[in-house]
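Have a look at the structure below, then the notes.
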Amino acid sequence: MRDVFSAPKGVPDYIPPTSAAFAHVRSTLTRAAELAGYGYIELPVFEDTALFSRGVGESTDVVTKEMYTFLDRGDRSITLRPEGTAGVMRAVIEHSLDRGSLPAKLYYAGQFFRAEAPQAGRYRQFHQVGIEAIGIDDPALDAEVIAVGDAGFRAIGLTGYRLELTSLGDANCRPAYRALLQEFLAKLPLDEATRTRAELNPLRVLDDKRPEVRALVAEAPLMVDHLCDACREHYELVKGYLTELGVKFVENPRMVRGLDYYTKTTFEFVHDGLGAQSGIGGGGRYDGLMAQLGGQELSGVGFGLGVDRALLAAQAEGVLPEFSRVDVIGVPLGEAARARLVAIAGELRAAGVRTDLVYGGRSMKAGFKAADKSGAKLALVLGERDLEAGNIGVKTLATGEQVTVPLADVVEEVRKAL
RNA sequence: GUGGGUGUAGCUCAGUCGGUAGAGCACUGGGUUGUGAUCCCAGGUGUCGCGGGUUCAAGUCCCGUCACUCACCCCA
């Protein structure tokens, strides 16, 4: 084999026909956001490194060991965005969207980057569709955000996932709980790495997958049992609204997210058909983030949905439709016919019909093979005899039926037959 | 960063006891002059991941290395 270039480690290429399914999944998710009144925001894929270290949190793995960070030509520290919320908050503050009508409801779609060891469903460049509702702390908004994610996955056709929900408390009640949990964890015979994690972010120990650790923390105190009155009421209301919305959920009081900014409502969409990387989306409310990034003291709520993983889930469930790239393909017999079909293809495209031609002066048989493989519904067959008669053949490839129509009417006839 | 698995044609893979590499699919052309999917015929490619070692002889055995992959960790 020749020495050819390959894509960087852990970076997926999506090529036809899979790329059509990928685009479909992404647009289905963004459509769900649009249906709830979220406006599109287009942001850079790199930002000031400090935006993420301060926004996402210094104690997270994302910041400590997974960021693509480099110095640009002006010796500024730049980082390829590892998640979407910090950038949205930066833009909201910079453009004073928080001074307008609230909540500011925004959605985005694009690439994100984390330098992890790749494995099934985990890439170094991955795609997310995300939404953020900023500026109002209303449990109904939490429920809306969750429902939008759920609606997006449903619209793709997914059914094999569950929504896990919990509350992480807020600045009033979490510090006390955190101390309580740390006290509990300090008494356990944990290995060194886990002990370090217990100091840095004790909640994360509750989410450990190793059976021996799970057993150790089985009796650990849980945040949901130590919520302050305000957080408890908020959580109860979110659950009530979700029920109103018909969104099913299960409570998972041990759920922890990888980003430090979450408070109160926190959720994750988990799919069982994907192997180890089972989270297809997640999010929650973040009370302190905007102030942390130099903005007002305003709360927000949002999610990030994994497009790559949603695609894997859809493939695993077998719910993706077939995607064709063209509707009509012209099969020319001879030079004069080719010239005429080139013109007809232009007319059809202008009329909104996806049209391709068989190129390369191939034989009739090869032409029809190519037409068959194109996935087109109709083939336009044109030869010298038809030209003289002023006709063209319109063939339905699936059935083999062919009708002859006047050349002058071809666009109209094609549109009728599609 | 830590473990396991796998590297042979564009793809999926076979290759026995060491004897200089095969199948299917895909692709292209043809099967009588204007009709595809089935069928038949024909056509091509490999530094057997890479580097060393053992041997008369290595895809096959040994060592190293790289890549891919799955899992841990973490997460979309």
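So you know, we letter chains A, B, ... as the sequences are listed, proteins then strands, and number each from 1.
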Distance-only donor-acceptor test (3.5 Å): side chain [X], base [N]:
{"X": "A/Gln277", "N": "B/rA71", "value": "no"}
{"X": "A/Lys395", "N": "B/rG36", "value": "yes"}
{"X": "A/Lys65", "N": "B/rG1", "value": "no"}
{"X": "A/Arg114", "N": "B/rC75", "value": "no"}
{"X": "A/Gln119", "N": "B/rC73", "value": "yes"}

Open item on the list: Using a 4.0 Å heavy-atom cut-off, does A/Gly383 contact any base of the nucleic acid, only the sugar-phosphate backbone, or nothing at all?
Closed with: base
Open item on the list: For a quick check of understanding: with a heavy-atom distance under 4.0 Å over all strands, which category does A/Gly130 fall into, base, sugar-phosphate or nothing?
Closed with: nothing
Task: Nearest-nucleotide comparison on RNA chain B, the residue closer to the 5′ end among A/Tyr123 and A/Pro118 - done: A/Pro118
TODO: With RNA chain B as reference, determine whether A/Ser278 or A/Ser6 sits nearer its 5' end, using the nearest nucleotide of each.
DONE: A/Ser6
Watson-Crick or G-U wobble mate for [N], both contacts under 3.5 Å:
{"N": "B/rC25", "answer": "B/rG10"}
{"N": "B/rG18", "answer": "none"}
{"N": "B/rU33", "answer": "none"}
{"N": "B/rC48", "answer": "none"}
{"N": "B/rA57", "answer": "none"}
{"N": "B/rU69", "answer": "B/rG4"}

Quick one: which of [options] gets closest to the side chain of [X]?
{"X": "A/Met364", "options": "B/rA76, B/rG34, B/rG29", "answer": "B/rG34"}
{"X": "A/Lys373", "options": "B/rC75, B/rC70, B/rC27", "answer": "B/rC27"}
{"X": "A/Lys365", "options": "B/rG31, B/rG34, B/rC73", "answer": "B/rG31"}
{"X": "A/Gln128", "options": "B/rC74, B/rC68, B/rA76", "answer": "B/rA76"}
{"X": "A/Arg362", "options": "B/rG29, B/rG34, B/rC75", "answer": "B/rG29"}
{"X": "A/Lys369", "options": "B/rC73, B/rG36, B/rG34", "answer": "B/rG36"}

Open item on the list: Please confirm whether the shortest side-chain N or O distance from A/Arg122 to OP1 or OP2 of B/rC70 is below 4.0 Å.
Closed with: no
TODO: Please check the phosphate of B/rC74 (OP1 and OP2 only) for any side-chain N or O of A/Thr60 closer than 4.0 Å.
DONE: no
Task: Under-4.0 Å salt bridge between A/Lys377 and A/Asp327 - done: no
Open item on the list: A cation-pi test, strictly: NZ or CZ of A/Lys239 under 6.0 Å from the centre of the six-membered ring of A/Tyr235 and no more than 45 degrees from its axis. Yes or no?
Closed with: yes
Task: Value in whole Å for how far the P atom of B/rU35 lies from CG of A/Leu380 - done: 18 Å
Task: Aromatic stack A/Phe126/B/rA76: centroid gap under 5.5 Å, interplanar angle under 30° - done: yes
TODO: Report yes if the side chains of A/Phe153 and A/Thr28 come closer than 4.5 Å at any heavy-atom pair, otherwise no.
DONE: no
Task: Residue pair A/Leu163 / A/Val250, side-chain heavy-atom distance below 4.5 Å - done: no
- [ ] Check the pair A/Val307, A/Gln128 against side-chain contact (heavy atoms from CB on, under 4.5 Å), reporting the backbone distance first and the verdict last.
- [x] CA-CA 5 Å; A/Val307 179; A/Gln128 283 190 1; 5.6 Å; no
Open item on the list: Work out how far the P atom of B/rA76 is from that of B/rG3, and round it to whole angstrom.
Closed with: 27 Å
Open item on the list: Could you walk me through whether A/His271 and A/Ser278 satisfy the side-chain contact (heavy atoms from CB on, under 4.5 Å) test, starting with their C-alpha distance in whole Å, then the side-chain angles of each, then the deciding distance to 0.1 Å, before giving a yes or no?
Closed with: CA-CA 5 Å; A/His271 198 282; A/Ser278 56; 5.6 Å; no
